[in-house]
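Scope of the values below: all heavy atoms of this structure, side chains included, with no hydrogens, waters or symmetry mates. In what follows, chains carry the letters A, B, and so on, assigned in the order in which the sequence lines appear, proteins first and then strands, with residues in each chain numbered from 1.
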Number of protein chains: 2
Amino acid sequence: MSNALEVAQIAGLVGEPTRANMLLALGDGRALPAGELAACAGITAPTASEHLAKLEQSGLLVSVRQGRHRYYRIASPEVGAMLEAVMVVAAGFPRPAARFRVAPELQRGRTCYNHLAGQLGVAICDALVHKNCVAVDGEVAHILPAGLKLLANWGIEVRRMSKHPYCRTCIDWSERRHHLGGAVGIAIHKRCLELKWVEHHLDSRAVSVTRAGRLGFEKAFGIAGAVL
Amino acid sequence: MSNALEVAQIAGLVGEPTRANMLLALGDGRALPAGELAACAGITAPTASEHLAKLEQSGLLVSVRQGRHRYYRIASPEVGAMLEAVMVVAAGFPRPAARFRVAPELQRGRTCYNHLAGQLGVAICDALVHKNCVAVDGEVAHILPAGLKLLANWGIEVRRMSKHPYCRTCIDWSERRHHLGGAVGIAIHKRCLELKWVEHHLDSRAVSVTRAGRLGFEKAFGIAGAVL
DNA sequence: TCCACGCTTCGGTGGTGGCCGAAGCATCTC
DNA sequence: GAGATGCTTCGGCCACCACCGAAGCGTGGA
């Protein structure tokens, strides 16, 4: 009865090609900005905004504002399970288990807006925390004295970054861990490129570690080569 | 892309209160006639017919014509799982386990239209197959000579049932197995009541096995008491 | 054979909602 | 600060589709 209304409301949200497109794009657990989702679905920003608001209001998505972007992701494993169940039915019956995840090369290392993310980004953050260079406190991260010294030796002058928040954390959706964003995160990314420790792939946000990078990350941050 | 279209199509079918109502009414695996489903959803016959045709065409429901009635039921466990997943999300998030699951007493034993279903129905079917009394061939079941004899000794004259199909299988939604329907299934159910091996609950389709039934099923069909 | 009943098909109507352009607000960059 | 970028709100247009009444078709019973 009333149950049917609620069920229909939820299913109806998925039952629109445009919204289904956006949900499927988020199906691997990533968080994507509204603009990218609009492009994904082939619609204009206003329409996407409308749809995303509905999806969030109904609890299918949650969003995080980050600067002038707004990142959306699937709200819970239950929602993911529902999408998967619908896909199984939609795919016709020899249940092809059409499950999908982050592409491997993106999972290893990628840029998140303008800093490093993926396993690489998480490894750098972990290493800095482990060496008492950074203290993570929720969404904010503080550079500790040891961190100032380490980064200075590596070629980054943290003191010259006046802006707030100069170092923040960023939840990594494929790893479900934090990595460093903010000005410090950007500086690290930039320095990695200068040193040619990482290379960008031309047609995606994937980032791969070079041979020099493997040695460098090991020496400067104590990150085992196997992780990279 | 094309994936999203198919997903949206399936979800859209569930995303209409009227259709959701009908699907939920069929959620326990019963088969209901079109007219009853129309009443369930509070719409007229033409509208119901339209909806049911769509649901069947998309593979969510299957129908069986029986005389001038047409019985619809959920097409597959995958569809049931999908509905359940949607209900979990629709029920709000502290996952209240608002299961789209057959109530325990119904799962143990129940009537499916007019024959026995649930664990009890499946156990009887299994036992007859195991004893070479019945051969299951898809949706049809054949009574073998040993079965004629066993049922005759038990008090059922199979030969006097002229109608086709006198014995058919029926997919058991909660058990995901087959049980016996058709005229033979009805006769078995009737005989169980005569012998007082099973009792009906007044306010539901639940069926429970009596003490005499436990002994009787053990002796006549070789069904271990633990199963019941 | 006729009638009763259940389901389906056919037209027509009305409301819901997806979609966009333009304008507004917030944030980042220079 | 000024300009660029990303997202949201507003107003209006249009298509889709759920819904019904009437008529048609098939089955079962008298």
Residues that B:Q57 engages under side chain to side chain contact (heavy atoms under 4.5 Å, CB included), provided they are two or more places apart: none
Contacts of B:R68 that satisfy side chain to side chain donor-acceptor pair (under 3.5 Å) - sequence neighbours left out: none
Partners meeting side chain to side chain contact (heavy atoms under 4.5 Å, CB included) with B:A45 (sequence neighbours left out): none
Shortest side-chain distance from B:S49, nucleotide among C:dT8, D:dC7, C:dG18: C:dT8
Pair listing, salt bridge (charged side-chain N to carboxylate O under 4.0 Å, His left out) test, anchored in residues 51-67 of chain B, at least two apart: B:E56-B:R70
Contacts of type side chain to side chain contact (heavy atoms under 4.5 Å, CB included), residue B:Q9, not counting sequence neighbours: B:S58
I'd like a list of close polar pairs between nucleotides 2-4 of chain D and the protein, N/O only, cut-off under 3.5 Å.
none

Residue A:R65, side-chain atoms from C-beta onward, closest of C:dG18, C:dT27, C:dG6: C:dT27
Those residues that, when tested against A:H130, pass side chain to side chain contact (heavy atoms under 4.5 Å, CB included) (two or more places apart): none
With A:E50 via salt bridge (charged side-chain N to carboxylate O under 4.0 Å, His left out) - residues at least two apart: none
d(CG, B:L55; P, D:dA18) in whole Å: 10 Å
At a cut-off of 3.5 Å, list every protein nitrogen or oxygen paired with a nitrogen or oxygen from nucleotides 19-25 of chain C, distance to 0.1 Å.
{"unit_1": "C:dC19", "atom_1": "OP1", "unit_2": "A:T18", "atom_2": "OG1", "d": "2.7"}
{"unit_1": "C:dC19", "atom_1": "OP2", "unit_2": "A:T18", "atom_2": "OG1", "d": "3.3"}
{"unit_1": "C:dC19", "atom_1": "OP2", "unit_2": "A:H51", "atom_2": "NE2", "d": "2.6"}
{"unit_1": "C:dC20", "atom_1": "OP2", "unit_2": "A:T44", "atom_2": "N", "d": "3.2"}
{"unit_1": "C:dC20", "atom_1": "OP2", "unit_2": "A:T44", "atom_2": "OG1", "d": "3.1"}
{"unit_1": "C:dC20", "atom_1": "OP2", "unit_2": "A:T47", "atom_2": "OG1", "d": "3.0"}

Inter-end axis angle, the helix from C:dT1-D:dA30 to C:dC30-D:dG1, with every axis fitted to five base pairs (rounded, 10 degrees): 30°
Atom-to-atom span, CD of A:Q66 to P of D:dC7 - whole angstrom: 12 Å
Residues that B:T44 engages under side chain to side chain donor-acceptor pair (under 3.5 Å), provided they are two or more places apart: B:T47
